[in-house]
Amino acid sequence: MEGYGDTRKEHQKYLKPLGDWRRTHDCGSLTAENVGSEVCLMGWAQFRRDHGGVIFIDLRDREGMTQVVFSPEVDEQVHAEAHCLRTEYVLAIKGRVRPRPEGMVNPNMATGAIEVAVTEWKLLNTANTPPFMIEDRVDVSENLRLQYRYLDLRRPRLAKNFVVRNRAAQAARRYLDGLGFLEVETPYLTKSTPEGARDFLVPSRVNQGMFYALPQSPQLFKQMLMVAGMDRYFQIVRCFRDEDLRADRQPEFTQIDCEMSFVDQEQVMTMAEGLVARIFKEVLDLDLTLPMARMTFAEAMASYGVDKPDLRFGLKLKDVSAVVRESEFRVFAKAELVKALRVPGGGSLTRKEIDDLTEFVKIYGAQGLAWIKVKDDGSWQSPFAKFLSESERAGLAETLAMEVGDIVFFQAGPAEMVNAALGNLRVKLGEMLGLIDEDAYNFVWITDFPLFEYDQEEKRHVARHHPFTSPQDGHLELMRAAPEKALAKAYDMVLNGNEVGGGSVRIHTKEVQDAMFAALNIGEEEAREKFGFLLDALEYGAPPHGGIAFGFDRLVMLLCKAKSIRDVIAFPKTQKATCLTTQAPNVVSARQLRELAIRVRETAKPQTAGPASDQAADQAAGQAADRADGQADGGDGA
RNA sequence: GGAGCCGUAGUUAAGUUGGUUAUAACGCCGGCCUGUCACGCCGGAGGCCGCGAGUUCGAGUCUCGUCGGCUCCGCCA
């Protein structure tokens with residue numbers, strides 16, 4: 001380790017203040033047109049190529065890289081001092097732009113036609129050897145990348161995502177502002193609302209024992225802004241949901257949140273399409289075809305098994321329940337639903353691949369995976385077809401239009417499982433068989449969602465979207481009589497199998513809102529306690545209104561072709577919802593807890609020693625003290 | 001709450017059936033080098049094999065547990 005950090009520390013004696021030096025250009029913009037001009041660049045040393053006699057440095061900033069040359073022929077001293085330069089040192093250079101010599105042009109670099117001959121330079125800062133190379137082509141574990149996020153963000157691929165993100169946000173602002181939307185901020189410290197995701201809670205010091213909740217979305221506030229006559233509202237806003245993470249889910253995420261007065265579903269959807277089209281135009285210079293395709297929820301479930309179908313490829317599911325309803329094959333006959341997925345050319349799948357796919361569908365609760373291959377001579381190869389009668393086999397062949405070379409997968413059982421298993425299998429096969437055009441952007445609106453879904457655990461209907469979603473015209477009576485049949489004025493925008501936006505027309509009359517709570521089995525008192533402020537607002541002349549919210553991180557992820565929204569969030573959380581850069585969450589001092597009248601009753605894991613050990617000890621002490629207090633009070637039960 | 005994958009120099013990986021001193025590339029440090037562009041050449045340093053138990057004469061390798069990262073199920077109006 002000797003000399004490892006010492007050399008670089010030693011170099012600190014060469015540091016110079018910025019003084020009156022000012023950049024004339026960024027590191028990505030000089031071209032042959034600038035030849036001859038005196039420039040001043042600042043940035044980080046990317047690569048050093050020290051030939052002894054001449055030193056090349058690729059100077060990097062957010063915009064790109066420029067080759068700067070330290071040559072003894074230009075200035076003896078400048079060249080001699082440059083020997084100390086190391087990767088990631090921060091420097092400022094002044095010099096003259098000159099064309100590169102014959103045959104030395106680098107076509108892979110935006111600035112490859114020129115170089116800057118340094119006449120004067122300053123070392124602005126040294127740098128430790130970074131834990132990984134600041135370069136796109138090296139793979140680094142996400143662990144390390146997140147710990148040194150500020151270094152990962154220097155890498156062009158990641159940095160580029162934030163340029164895209166900014167462009168998308170600004171395009172959205174310009175579009176919505178142009179349509180008369182007001183950007184209004186809503187509170188982050190707000191009231192906990194039941195229904196929906198788990199809330200993040202924030203204790204109140206001034207009102208001990210009480211808690212704010214961070215908003216899952218500004219839903220109630222934007223509706224009140226409509227009652228307030230704001231007419232059209234939008235906000236690019238952070239939302240918080242304390243649920244488990246996924247590649248496309250973070251506990252804090254950003255929405256483009258919109259609400260409009262005096263509109264019905266069609267106007268909101270038209271506005272939303274225009275917004276997305278504007279973003280794609282400004283960011284990717286892509287012209288989307290409008291209006292976007294539409295599909296009902298029922299059709300999506302029937303043909304794709306999911307409510308966010310990826311329409312970049314075919315492979316539709318087909319309901320074959322009727323064909324096998326009377327079958328001797330009990331697995332099929334007794335099933336609530338039997339569906340098939342015909343894969344043209346899938347006959348080439350190996351036994352191993354089919355076994356893997358069988359394992360795959362088990363994730364969704366499937367017991368197994370039945371299949372039929374149609375061989376070259378038209379005969380079937382199948383582990384289960386022998387249980388089918390002649391007419392059933394003929395029925396399947398006809399219904400599914402089976403052809404030589406196909407494989408057909410079957411799933412039988414509860415409808416929910418069958419759809420989930422085959423719907424996800426379909427996507428898996430699309431990827432496996434290379435059916436997906438990675439450059440395509442396939443949008444589809446999903447409409448006519450059910451208003452409710454049945455919650456097995458709570459044994460009651462819950463709102464599928466949220467409890468302020470308007471039923472479709474004429475469905476008010478259904479809400480009482482057959483809630484599962486009632487449809488909502490709700491719509492999701494789906495892009496390549498990702499839900500990127502969703503919204504609804506809202507209930508704007510007290511009468512309908514009461515009917516909704518009744519259907520949800522939420523009593524009047526409970527409704528008043530939880531949503532009284534909104535119910536009151538609805539009684540002061542609420543206009544018809546509706547809106548939509550876009551998952552901004554997801555949208556940007558797709559614009560960047562990133563695999564996870566973590567790659568478009570500057571400082572994301574890990575799957576365990578921790579921040580590896582800051583080490584949040586952490587224990588807090590006993591004093592902080594005492595001020596909030598909070599006692600930590602259980603510590604799930606022992607606090608480890610380390611940087612936080614002082615705090616941990618502090619808290620442990622505080623807990624002991626508070627426990628004593630608690631006993632004096634006779635405890636709080638709970 | 002559950003399932004799977006991963007964890008070996010600074011980094012990325014290899015490491016055979018459990019067997020001598022744990023390899024390689026890049027990076028780092030030193031030297032040489034005037035046209036490179038992931039410069040090149042020579043030399044050098046660098047290891048808690050995530051952590052803890054166990055099996056064994058012997059564990060990077062096998063078993064169990066645990067911690068961390070990722071993917072997914074549940075969950076996410």
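Proteins get letters first, then strands, A, B, ... in listed order; numbering begins at 1 in each.
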Measuring from the side chain of [X] (C-beta onward, heavy atoms only), which nucleotide among [options] has the closest atom?
{"X": "A:R86", "options": "B:C33, B:C70, B:C29", "value": "B:C29"}
{"X": "A:M104", "options": "B:C75, B:G35, B:C76", "value": "B:G35"}
{"X": "A:R8", "options": "B:C37, B:C29, B:C70", "value": "B:C29"}
{"X": "A:R100", "options": "B:C37, B:G1, B:C70", "value": "B:C37"}
{"X": "A:I363", "options": "B:C26, B:C72, B:G35", "value": "B:C72"}
{"X": "A:M109", "options": "B:C37, B:G35, B:U71", "value": "B:C37"}
{"X": "A:T129", "options": "B:A38, B:C28, B:U36", "value": "B:C28"}
{"X": "A:E243", "options": "B:C72, B:C76, B:C70", "value": "B:C76"}
{"X": "A:F47", "options": "B:C70, B:A38, B:G35", "value": "B:A38"}

(message) Return whichever of A:S71 or A:M133 has its heavy-atom-nearest nucleotide of RNA chain B closer to the 5' end.
(response) A:M133
(request) Find which nucleotide of RNA chain B each of A:F132 and A:H466 is nearest to by heavy atoms, and output the residue with the more 5' nucleotide. (result) A:F132
Using a distance-only criterion (donor-acceptor N/O pair, under 3.5 Å, no hydrogens), is the base of [N] paired with the side chain of [X]?
{"X": "A:R48", "N": "B:C37", "answer": "no"}
{"X": "A:R246", "N": "B:G74", "answer": "yes"}
{"X": "A:Q147", "N": "B:G69", "answer": "no"}
{"X": "A:N106", "N": "B:C37", "answer": "yes"}
{"X": "A:N143", "N": "B:G7", "answer": "no"}

Using only side-chain N and O atoms of [X], determine if any of them is under 4.0 Å from OP1 or OP2 of [N].
{"X": "A:R60", "N": "B:A38", "answer": "no"}
{"X": "A:K576", "N": "B:G68", "answer": "yes"}
{"X": "A:T87", "N": "B:C28", "answer": "yes"}
{"X": "A:R49", "N": "B:C39", "answer": "yes"}
{"X": "A:T7", "N": "B:G30", "answer": "yes"}

Centroid-to-centroid, [X] to [Y], below 6.0 Å?
{"X": "A:H83", "Y": "A:F70", "answer": "no"}
{"X": "A:F253", "Y": "A:F240", "answer": "no"}
{"X": "A:F47", "Y": "A:F56", "answer": "no"}

(request) Have a look at A:D567 and tell me which of A:R155, A:R145, A:R554, A:K160 forms a salt bridge (Lys or Arg N to Asp or Glu O under 4.0 Å) with it. (result) A:R145
(request) Return the residues of residues 247-255 of chain A meeting this criterion: a heavy atom under 4.0 Å from some atom of RNA chain B. Order them by number, or give none. (result)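 Close to the strand are A:A247, A:R249.
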(message) Looking at A:D307 and A:R464, is there a salt bridge between them, counting it only when a charged N and a carboxylate O are closer than 4.0 Å?
(response)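 Salt bridge present between A:R464 and A:D307.
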Between N or O atoms, less than 3.5 Å apart, protein on one side and nucleotides 12-14 of chain B on the other: list the pairs.
from, atom 1, to, atom 2, distance (Å)
B:U12, OP1, A:S141, N, 2.8

(request) Using the aromatic ring of A:H51 (for Trp, its six-membered ring), decide whether it stacks on the base of B:C39 within the limits of 5.5 Å and 30°. (result) yes
(message) Taking the C1' atom in each of B:U71 and B:U8, what is the distance between them to the nearest angstrom?
(response) 23 Å
(message) Suppose we define a pair by two distances each less than 3.5 Å, Watson-Crick or G-U wobble; what does B:G44 pair with here?
(response)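 Paired with B:G44, as far as the under-3.5 Å criterion goes, is B:C28.
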(request) Return the value, rounded to whole Å, for the distance between atom CZ of A:R145 and atom P of B:U11. (result) 15 Å
(request) Consider only side-chain N and O atoms of A:R8 and A:T129, and report whether a donor and an acceptor are under 3.5 Å apart. (result) yes
(message) Holding to side-chain hydrogen bond (donor to acceptor under 3.5 Å, both in side chains), I want the full list of residues that pass it with A:D242, two or more places apart in sequence or in another chain.
(response) none
